[in-house]
Participant: 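Before I ask anything, here is the structure I am working with.
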Amino acid sequence: MRITIFFAAIASLLAPIATAGADPAPSERVRRLLAEMTLEEKIGQLDMPSHGGHYDPARVAAGRTGGVLNFGSPQEIAEIRALNAQSRLKIPLIFGLDVIHGYRTLFPMPLAEAASFDPAVAEQSTHWAAVESRAAGLNLTFSPVADLARDPRWGRIVEGGGEDPMLAGLFAAARVRGFHSGGIGATLKHFAGYGAVEGGRDYAPADISEGTLRDRYLPPYRMAVEAGVDVVMTSYISLNGTPTTASRRLMSDILRGEWGFPGYVVSDMNAIPEIALLGVADGNGEAAKLALEAGVDQDMDGEVYIAELAGLVRDGSLPEAALDRAVARVLATKERLGLFDEKPFDPAAAAAVLGRADIRAASRALAAETFVLLQNKDDVLPIRPETRSIAVVGALAASQADTLGNNAARAVPAETVTVLDGLRARAPAGTRIDFVEGCDTACTSDSNFQAAAAKAAEADLIVAVLGEPQDHSGEGASRASLELPGRQTDLLRRLAATGRPVVVVLLAGRPLALSEAVDPAAAILLVWYPGSEGGHAVAETLFGDRDPAGRLPVTFPRHVGQVPITYDALPTARPGKVEDRYTSRYLDVALGPLFPFGHGLGYTHFTQSDARIAARRLGPDDRLTVSVTVANAGTRPGREVVQLYVRDVVASRARPVRELKAFGKLLLEPGEAREVVLSVPVRSLGFHRDDGSYVVEPGRFDVYLGSSAAAPLIGSVVVSPGYEAPPAGLSAERFEAGHMTVIGKSP
């Protein structure tokens with residue numbers, strides 16, 4: 001039997017001390033190039049213009065461009081390479097693009113992949129995305145996004161790994177490995193704290209305490225750095241009042257000094273001149289100086305390094321040594337990526353790779369790993385064999401763009417398999433599939449509701465494809481409301497009034513407030529934006545060829561007014577009680593989430609029994625070890641995600657009500673039972689003080705084990721003595737993965 005195991009725990013351990021801001025010694029090639037380059041050529045290496053922005057072919061031919069972005073076609077890249085071959089030193093260019101979830105063949109969005117609770121899913125998808133990107137001539141992607149996102153109003157939550165720092169970090173690291181195995185470099189973004197923007201609004205400021213920054217927001221970035229990410233991108237925001245693009249503390253002290261990052265830092269697009277808009281620089285000249293001195297090595301389409309740095313060096317405002325340091329980092333990264341030794345590029349060869357059958361097959365298989373079955377009343381799913389007619393309702397069912405999702409790189413919409421396509425292809429002979437829009441993707445009018453309901457009433461089953469159009473998600477798509485857009489809830493009620501069971505297939509890039517949908521819907525299958533082969537994967541899941549095994553990487557609220565709502569909230573002195581007005585509750589909505597973090601159903605039923613904690617007293621060098629017997633009590637094979645949570649009960653500062661510390665996923669046949677063991681380093685149970693020191697305080701830790709963040713308490717352990725690490729400025733922290741193992745069949 002195939003068993004899939006996932007590693008998942010964070011430990012804070014001492015690592016070798018890194019000198020603040022130190023860089024690896026440059027190679028002989030880098031030293032030689034620095035000695036040969038003119039001031040203008042050096043500054044050119046720090047410039048990355050965009051297609052449609054400040055790209056200048058004359059500067060490329062003159063050797064005054066370090067890289068370009070948003071040139072995605074092989075022919076365009078070949079033409080720019082030919083221009084660069086005319087330059088004096090012929091230093092290779094970076095060719096970058098936002099390859100967020102695929103190049104020509106699209107895979108599920110990163111948040112969807114986190115729902116698999118299997119980092120291997122992200123590693124495989126990014127491998128294939130990189131294979132296609134490399135064939136097209138690219139050598140760098142601006143991914144992964146490691147921004148911890150705890151506010152679903154923020155549109156870019158769809159690009160990251162969810163609300164838990166461990167889960168987000170594991171997926172960020174997996175994506176780095178996948179891009180590398182496929183042949184391109186990776187860019188970590190957006191450093192740091194972008195997901196904490198006020199009000200969930202893009203580009204707004206963030207304010208994060210030191211302890212919270214280090215406990216929650218920095219670990220995913222750090223795990224990606226340890227995975228070998230090549231480039232780090234700043235964010236647009238100010239963090240605690242300092243623009244990240246001008247933050248020496250972030251880019252030099254933490255990233256390079258504490259973590260030893262050897263690559264280079266690039267600004268987000270136009271972020272350097274925006275330092276002035278944030279009120280921290282008086283014009284572009286000062287913004288350029290602040291950014292370079294903070295450790296931002298390359299200007300993405302801001303044009304200020306090209307315009308300002310030469311003058312700053314010549315008038316003595318900026319030492320040329322600071323310029324040389326940045327150039328050396330860019331050149332060294334190009335060297336590590338193998339760009340100086342690249343073979344000639346043949347754009348015609350890309351056609352044999354892009355959209356290749358095996359890559360599309362991977363997209364189909366991996367999409368199915370990300371689907372989350374939120375509810376399934378009376379086991380209406382999988383679709384029963386006796387079903388002879390299905391009404392598919394909703395314009396999203398036939399929308400290629402909304403199946404692909406945003407950040408579609410160079411995907412071809414016409415090559416996309418929609419949900420409607422997939423159902424028509426998979427339906428058994430003799431089963432009729434009828435399609436009626438009901439309303440357009442925005443669903444602003446109910447004028448066609450009656451006709452849709454009349455058609456749906458003739459069917460045995462209704463599949464309503466609802467949710468967010470892709471332009472409601474991603475950058476610049478923050479939402480103040482989390483309900484189904486437009487009149488979709490009204491449409492759903494109208495369909496349910498027919499008396500036919502309604503299965504909702506939900507397209508979304510964020511948690512939605514579905515309180516008004518759970519009653520009229522018989523089942524809700526969350527499929528996110530499933531990508532190029534998404535329609536096939538959805539249909540196969542609805543018909544039971546595949547078992548939905550995804551789990552929520554984010555909490556689903558009942559109402560937007562609960563936001564932010566996360567599973568690892570801090571405790572309140574007055575826990576909410578319905579019968580007591582003066583407790584932490586709402587008058588108009590129930591406490592708690594609609595669907596908790598880690599939630600997800602399948603087509604079978606699992607039990608967890610005989611949970612045992614191996615040792616109740618632990619020292620700082622020990623491991624918390626828990627075993628449990630997991631059984632498939634149903635009639636179909638399926639996969640369970642075992643989740644281990646811990647709470648530090650009494651500490652010197654309030655600690656979360658629970659934190660995910662380990663998880664594992666395993667496949668069980670009907671009636672099969674296996675014993676599994678989850679193991680967590682005790683040193684992963686601590687937290688950071690505001691001075692940057694890390695501590696595991698002695699005392700009691702409660703242990704919870706189950707299938708979501710609502711897992712039951714199984715017991716407690718006592719840690720004694722504790723453990724303490726010095727402030728982060730004196731010692732770097734590393735993250736060790738714990739593990740789950742399968743022992744064997746239970747007695």
Participant: Using the salt bridge (Lys or Arg N to Asp or Glu O under 4.0 Å) rule, take Arg510 and Glu159 through it: C-alpha gap first, then chi angles, then the decisive distance, then the call.
Facilitator: CA-CA 10 Å; Arg510 55 160 58 84; Glu159 296 179 43; over 6 Å; no
Participant: Taking atom types as modelled, is there a side-chain donor on Thr234 or Thr244 under 3.5 Å from an acceptor on the other?
Facilitator: no
Participant: Picking from Arg31, Arg32, Arg29, Arg329, what satisfies salt bridge (Lys or Arg N to Asp or Glu O under 4.0 Å) with Glu335?
Facilitator: Arg29
Participant: In terms of side-chain geometry, is the basic nitrogen of Arg256 or Asp297 positioned less than 4.0 Å from the acidic oxygen of its partner?
Facilitator: yes
Participant: What side-chain donor-acceptor pairs closer than 3.5 Å can you find for residues 261-271, not counting sequence neighbours?
Facilitator:
from	atom 1	to	atom 2	distance (Å)
Tyr264	OH	Gln298	OE1	2.8
Ser267	OG	Met300	N	3.0
Asp268	OD1	Tyr236	OH	3.4

Participant: Sorted by first residue and then second, give each side-chain hydrogen bond (donor to acceptor under 3.5 Å, both in side chains) pair with at least one member in residues 55-69; sequence neighbours left out.
Facilitator: Asp47-Arg59, Arg59-Glu303
Participant: Does the salt bridge (Lys or Arg N to Asp or Glu O under 4.0 Å) test come out yes or no for Glu123 and Arg177, once each step is laid out?
Facilitator: CA-CA 6 Å; Glu123 189 166 346; Arg177 293 192 298 270; 3.2 Å; yes
Participant: Please tell me whether Phe191 and Trp259 form a close aromatic pair, meaning their ring centres lie under 6.0 Å apart.
Facilitator: yes
Participant: Would you say the side chains of Ser125 and Glu113 form a donor-acceptor pair under 3.5 Å?
Facilitator: yes
Participant: Between Glu274 and Thr245, do the side chains contain a donor N or O and an acceptor N or O under 3.5 Å apart?
Facilitator: no
Participant: May I ask you to say whether Glu308 pairs ionically with Lys289, meaning some side-chain N is under 4.0 Å from a carboxylate O?
Facilitator: no
Participant: Have Asp230 and His180 got a donor and an acceptor in their side chains that come within less than 3.5 Å?
Facilitator: yes
Participant: Under the salt bridge (Lys or Arg N to Asp or Glu O under 4.0 Å) rule, what do Lys42 and Glu320 come out as? Steps first, then yes or no, please.
Facilitator: CA-CA 10 Å; Lys42 290 178 182 178; Glu320 189 164 358; 3.0 Å; yes
Participant: Charged N to carboxylate O below 4.0 Å: is that the case for Glu342 and Arg134?
Facilitator: yes
Participant: Assess the residue pair Arg364 and Glu369 against the criterion (salt bridge (Lys or Arg N to Asp or Glu O under 4.0 Å)); give the C-alpha distance rounded to whole Å, side-chain angles, the decisive distance to 0.1 Å, and a yes or no.
Facilitator: CA-CA 9 Å; Arg364 182 173 182 164; Glu369 298 293 319; over 6 Å; no
Participant: Using distance alone, with no hydrogens and no angle criterion, decide if Arg336 and Thr333 have a side-chain donor and acceptor under 3.5 Å apart.
Facilitator: yes
Participant: Checking side chain to side chain contact (heavy atoms under 4.5 Å, CB included) between Thr418 and each of Leu404, Thr403, Asp402, which is the one that passes?
Facilitator: Thr403
Participant: Verify the distance criterion only: is there a donor paired with an acceptor across the side chains of Glu76 and Ser73 at less than 3.5 Å?
Facilitator: yes
